[in-house]
Amino acid sequence: MCGELRAEHAGQQVILMGWVNRRRDLGNVIFIDVRDRSGLTQLVFDKSDNAALHEKASNLRNEYVIAAIGKVRKRDDKTINRNIPTGEIEVVVTELKLLNESKQPPFLPGDPVLANEEMRLKYRYLDLRREPMQYNIELRHKVALAIRENLAAKGFFEIETPFMTRSTPEGARDYLVPSRVYPGEFYALPQSPQLFKQILMISGFDKYFQIVRCFRDEDLRADRQPEFTQIDLEMTFPQMDRVFEVVEGFLQACFKVAGFEIKPPFQRMSYDDSIRNYGIDKPDLRLPKLTDVRTAFTAEQLQTVQLNPELPVVAIRIPKIDELSRKERDDNRPLFGERKEARLVDDIKRLEKSFPEAVVKLREMAGAEAEDLLVLVGGPLQTEKIGLRADYGVFMAAGAFRVELARKYADRHMAFRQGGFHFTWVTDFPMFEYDETEKRWNPAHHPFTSPHERDMDKLESDPGAVRALAYDIVLNGTELGSGSIRIHRPDIQKQIFRALGMTDEEAKARFGFFLEALEYGTPPHGGIALGLDRIVMILAGAESLREVIPFPKTAKAVDLMVDAPTPVSEAQLKDLGIKVR
Ligand code: ASP
């Protein structure tokens, strides 16, 4: 291949096929770099050796596809190119065949300046010819292969589940596929194979995995893809530890493929600790912890600055960026946003004037050094009773603000630039989340997640306090995946549906097939799903998922290359019994 020849091949006759990456015409000598996915080799056409061939080469243009036969020759020391692996040799061509021409491309794969993304996506085949994209797609292949090998060696079977199915509840909207044979009826594309993988456990396939496409019609957001790939797995009779071990094992294999060594077991943290220490359920362990400094103040002091003495006062410390000017503080306030569950106190100098001793104490508690920036987030004097625990509300407001600040000051904020992979498992998530607009409880993960046995008695009396056997795997503040130990008893499953405000009839209408399956000897089981695109993105050091998905959609869910979605013909609609309003 074009990237394989080295000095030791000098003297050999070779055939190379590929694309014209660049042509340099020096008059009597023409150099052509021929490229394939392995790299490129310099071809030489010397007029004095073969005028007809030289003439033929002079007609080659960028991205023409050629085949060349020639002899490998060592370059002189002066002309060695140390920047490419084939830089010590060139191939003196004796025969050349033009396999295909190319229109002048809108951008060249070898261009040092990147075309804009719209162009790149429209002409994706040209973009994919670029070396970084070839690397990313190869990496993706190797990562998937490593996962398959790793899991297969542990006795997992890769089993396919249907794409045309009925909706599965992961919280987003479904993509629907109309049935022509049953007008007015629809299949749904799976948001995840959740129920199928659980049914595979009931079917006795005790270890399942699948590298599987999932579809979620969620609101558009910068880096979200309507179809994405999950590493989905499920196993029977597992403790959480066993699931963790399996995931840590294949992640280690994935990272190794990209040349990184990671060392399981990863640390673990309860959801409660994660919220209290990081104000978020996907903690970035590189950032300093939050500290509740309420006890540095008296209740009266807190009241004078409009903070609720009953709630935490959370100190955010951003190392080594100094106190901010008044203007900078004003600029930052929108990052905190309008909140009713928390209040920001960002002028520590002023606070120090009123309560010097308290500030000395709080600095000490927060471990703040002279040049560290400190801001406080506390609760408002009046708190409304809401679904979210009021103290969590304060921690989470602080956590969100801290991430914004860390991002804003990333260049001065050492922690954020720090390398390395900091993994953690977050465990014991709450079972339910309160939906303020709908005024009801929703599953925090999905309704098949098992509650903690010792919280079962709170299902009706205090749903917000019920913890689930649910876990997330988090890397440097990014959630890589989530999973849970599932409910395997039909009575408990029904109880959960009821706690979610579903009548038995509604539950039966939506999940009857599954409730029935649970009645036939369901083993305890659990699993997880991790985002493959995200993992490859991190391993590739890429900035967006689109850099590691061969044919992605834009942030607006459009495929610019094939131009989808598009309207369809009247005849097609009629066939499906569909009328567009
Ligand atoms: N099906 C879940 C998801 O896609 C993951 C799991 O619970 O295994 O988020």
Side-chain angles (χ1 to χ4, degrees), residues 147 151 156 158-163 165-175 188-202 205-218 224-240 242-248 250-251 271 281-282 425-433 442-452 467-475 478-488 493 496 500 510-511 514 518 522-535 545:
I147 294 167
L151 289 175
F156 281 78
E158 183 162 22
I159 306 177
E160 289 156 289
T161 51
F163 276 178
T165 176
R166 54 188 289 151
S167 74
T168 44
E170 308 285 340
R173 278 196 201 94
D174 292 318
Y175 281 99
L189 301 181
Q191 295 184 32
S192 93
Q194 186 61 34
L195 292 179
F196 284 101
K197 68 173 170 175
Q198 291 194 236
I199 285 179
L200 283 170
M201 296 305 106
I202 302 176
F205 292 102
D206 58 307
K207 294 185 204 77
Y208 142 95
F209 84 101
Q210 191 179 190
I211 297 186
V212 62
R213 202 67 57 78
C214 299
F215 307 85
R216 294 185 193 174
D217 189 3
E218 284 177 293
R224 191 174 262 176
Q225 288 287 321
E227 51 178 309
F228 57 98
T229 305
Q230 289 202 321
I231 308 153
D232 192 46
L233 66 89
E234 195 75 11
M235 48 211 291
T236 22
F237 311 118
Q239 305 283 322
M240 270 198 295
R242 183 70 190 120
V243 179
F244 292 0
E245 209 178 286
V246 166
V247 172
E248 288 167 355
F250 78 68
L251 281 177
Y271 173 86
D281 59 2
K282 31 179 194 274
W425 289 101
V426 179
T427 61
D428 304 305
F429 275 79
M431 182 77 191
F432 305 103
E433 262 166 16
N442 284 333
H445 186 43
H446 51 57
F448 310 102
T449 298
S450 174
H452 263 278
R467 285 161 306 160
L469 295 175
Y471 34 81
D472 277 5
I473 170 105
V474 176
L475 166 59
T478 299
E479 181 208 306
L480 294 185
S482 27
S484 59
I485 301 298
R486 325 296 183 186
I487 298 166
H488 64 278
Q493 188 62 73
I496 296 297
L500 291 168
R510 284 184 66 190
F511 305 113
F514 182 67
L518 282 180
T522 299
H525 59 287
I528 191 165
L530 286 82
L532 177 71
D533 308 305
R534 177 142 289 128
I535 291 172
L545 295 174

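In listed order, ligands and their atoms are each counted from 1. All heavy atoms count here, side chains included; hydrogens, waters and symmetry mates do not.
Less than 4.0 angstrom separates some heavy atom of I528 from each of these atoms of ligand 1: 8 (O). Of all the atoms in ligand 1, the ones that sit under 4.0 Å from a non-hydrogen atom of G483 are 6 (C), 7 (O). Less than 4.0 angstrom separates some heavy atom of Q230 from each of these atoms of ligand 1: 4 (O).
By the 4.0 Å heavy-atom criterion, H446 is counted among the residues contacting ligand 1. Within the structure, ligand 1 lacks Q191 among the residues with a heavy atom less than 4.0 angstrom away.
Taking OH of Y471 as the start and CD1 of I528 as the end, the distance is 6.0 Å to the nearest 0.5 Å. Within the model, atoms CZ of F163 and SG of C214 stand 7.5 Å from one another, a figure rounded to the nearest 0.5 Å. Rounding to the nearest 0.5 angstrom, the gap separating the CG atom in D206 from the CE atom in M235 is 8.5 Å.
Contact of the T161 side chain with the D232 side chain is not registered, since no non-hydrogen atoms from C-beta on lie closer than 4.5 Å. Taking 4.5 Å as the limit, every side-chain heavy atom of F196 sits out of range of all side-chain heavy atoms of Y208.
Using modelled atom types and a 3.5 Å distance limit, the side chains of Y271 and D472 yield no donor-acceptor pair.
Checking side-chain atoms of R166 against main-chain N and O of R510 turns up a donor-acceptor pair under 3.5 Å.
Considering only non-hydrogen atoms, atom 4 (O) of ligand 1 lies nearest to R216 out of Q194, Q198, R216, K197. Selection from S482, S192, G481, G526 by nearest heavy atom to atom 5 (C) of ligand 1 gives S482.
One finds a salt bridge joining R213 and E227 here, because a Lys/Arg side-chain nitrogen approaches an Asp/Glu carboxylate oxygen to under 4.0 Å.
Only the side chain of R486 comes within contact range of ligand 1, with a heavy atom under 4.0 Å; no backbone atom does. With a heavy-atom cut-off of 4.0 Å, A529 touches ligand 1 through backbone and side chain alike.
Looking at atom 9 (O) of ligand 1, its nearest protein heavy atom turns out to be E170 OE1, 3.7 Å.
Every N/O-N/O distance between D232 and ligand 1 stays at or above 3.5 Å.
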